[in-house]
Number of protein chains: 2
Amino acid sequence: MTESTRELRSALVEAGHRLTGPRIAVWEVVAGSESHLTAEEIAEAVRSADPTVNLSSVYRSLALFTDLGLVRESNLGANEATHWELAHPDEQFHLKCKACGRVEHHTGDLVTQIESHLSDHHGFKASRVELLVTGMCAECSQSHSSNT
Amino acid sequence: MTESTRELRSALVEAGHRLTGPRIAVWEVVAGSESHLTAEEIAEAVRSADPTVNLSSVYRSLALFTDLGLVRESNLGANEATHWELAHPDEQFHLKCKACGRVEHHTGDLVTQIESHLSDHHGFKASRVELLVTGMCAECSQSHSSNT
DNA sequence: TTAAGTGCAAACGCTTTGCAGTTCA
DNA sequence: TGAACTGCAAAGCGTTTGCACTTAA
């Protein structure tokens, strides 16, 4: 059992849930990926280890992990499938390049700044900040230098 | 013809489109609402004026208006229907209270700050910023003062 | 007059659910 | 052993699409 699976087990047990095959498989895919994945992508990766795991179990596992705060859902645009990624303790935001399509993850004080701004000026206590910025990444704005 | 319908007509004509009944009806609902509405909510309001207008025409109108930059789509959470609202020239963001469920619109320099931060520090040229903050609004954090 | 736009109904993709069978604790 | 969990298939929801009909310009 890997270190990360051990972490999963304690999180599950603490919340009164079981450690099962499908949950381990889903967890290892998400925890082993740098990026955010759709349920279908996760299911595909899971199936390469265990072809019997069903897509609905992937959804159920992801929903449970989200409840437990282990993973995080992101909407990366209208009518796009939900993406999941490991819930890092430091808040993150997404930069989506409309030229190359890549979605970068950024960590920074921006999210903390937003939270304290809202708390100080509007009395709003933020528990979650979702920030999706669409535009041109550094590489693409160089190569497409005629564009805005 | 109202002033806002006249604006719609010039935007449509300029882009080579026609001013039609369904488009006027959809436009007046969206332009006359302070908040963001789902396609179904817009269709319902439209039908009270003209019951023959179909939901798919509402979608088609909204897609066109979005292309023309007249309205703006928002995703207010995973698996929630898309919401539409008038595209104000000043960028906005959403504050969603998890206690009362209300979604407030805020205008402010926050979005501009984010854009210049990303441009200066990461070379990322933002064309669109979607910021959704979930938490407790000022009223609710007073009444639920035991909560975080 | 005729290309653009519409209503209708069917299909779509992502996600959830009911249920009977399986499995972890 | 028994409640939690799973696979399966069907249904759900928001949204899109093909097509014949209608309408704005």
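Fair warning: this is a prediction, and the values are worked out from it, not measured in the lab. Throughout, protein chains are lettered first and strands after them, A, B, ... in sequence-line order, and every chain is numbered starting at 1.
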Query raised in the report: For B:Trp27, which residues count as a ring pair (Phe, Tyr, Trp, His ring centres under 6.0 Å) partner, sequence neighbours excluded?
Result: B:Phe65
Can you check nucleotides 12-15 of chain D for protein contacts, nitrogen or oxygen pairs under 3.5 Å, and list what you find?
from, atom 1, to, atom 2, distance (Å)
D:dT15, OP1, B:Thr82, N, 3.0
D:dT15, OP1, B:Thr82, OG1, 2.7
D:dT15, OP2, B:Tyr59, OH, 2.5
D:dT15, O5', B:Tyr59, OH, 3.2
D:dT15, O3', A:Asn79, ND2, 3.0

Requested in this report: Anything under 4.0 Å to a heavy atom of chain B counts; send over the first and last such nucleotide of DNA chain C, read 5' to 3'.
Outcome: C:dA3 to C:dT16
**Report entry** Distance-only polar pair, side chains of B:Ser74 and B:Glu85, donor-acceptor under 3.5 Å
**Finding:** yes
Report task. State which residues pass side chain to side chain contact (heavy atoms under 4.5 Å, CB included) with A:His117; sequence neighbours excluded, sorted by chain then number. Result -> A:His121, A:His122, B:Asp109, B:Leu110
Requested in this report: Please check if any side-chain donor atom of A:His106 sits under 3.5 Å from a side-chain acceptor atom of A:Glu104, or the reverse.
Outcome: yes
Query raised in the report: Is there a donor-acceptor pair closer than 3.5 Å between any side-chain N or O of A:Arg72 and the backbone N or O of A:His88?
Result: no
**Report entry** Remaining members of hydrophobic cluster (4.5 Å side-chain criterion), A:Val103
**Finding:** A:Leu76
Report summary line: Residues of residues 14-36 of chain A with a heavy atom under 4.0 Å from any atom of DNA chain D, listed by number, are A:His17, A:Arg18, A:Thr20, A:Pro22, A:Arg23
Query raised in the report: Among residues 61-74 of chain A, which contact DNA chain C at a heavy-atom distance under 4.0 Å?
Result: none
Only distances under 3.5 Å count here; give the side-chain donor-acceptor pairs of residues 127-134 of chain A to other protein atoms, sequence neighbours excluded, each with its distance to 0.1 Å.
from, atom 1, to, atom 2, distance (Å)
A:Ser127, OG, B:Lys98, NZ, 3.3
A:Ser127, OG, B:Thr134, O, 3.1
A:Arg128, NE, A:Glu130, OE1, 3.4
A:Arg128, NH2, A:Glu73, O, 2.8
A:Arg128, NH2, A:Glu130, OE2, 3.4

**Report entry** A:Ser4 and A:Glu28: side chain donor to acceptor below 3.5 Å
**Finding:** no
Query raised in the report: Residues in side chain to side chain contact (heavy atoms under 4.5 Å, CB included) with A:Asn54, at least two apart?
Result: A:Ser56, A:Ser57
Requested in this report: Go through the structure and list residues passing ring pair (Phe, Tyr, Trp, His ring centres under 6.0 Å) with B:Phe124, not counting sequence neighbours.
Outcome: none
Query - Terminal helix-axis angle for the helix from C:dT1-D:dA25 to C:dA25-D:dT1, with five pairs defining each axis and rounding to 10 degrees - result: 30°
Query raised in the report: Short question: side chain of B:Asp50, backbone of B:Thr52 - any donor-acceptor pair under 3.5 Å?
Result: yes
Requested in this report: Ignoring backbone atoms, establish whether A:Asn54 has a side-chain N or O less than 4.0 Å from OP1 or OP2 of D:dC8.
Outcome: yes
**Report entry** Minimum-distance pair of heavy atoms, taken over all atoms of B:Cys140 and B:Cys97
**Finding:** SG-SG, 3.7 Å
**Report entry** Any A:Glu41 side-chain heavy atom under 4.5 Å of A:Thr38 side chain
**Finding:** yes
Report task. Dump the intermediate steps for side-chain contact (heavy atoms from CB on, under 4.5 Å) on B:Glu139 and B:Cys100, then the final yes or no. Result -> CA-CA 9 Å; B:Glu139 292 80 46; B:Cys100 64; over 6 Å; no
Requested in this report: Quick one: list whatever passes ring pair (Phe, Tyr, Trp, His ring centres under 6.0 Å) with B:His94, sequence neighbours left out.
Outcome: B:His36, B:His105
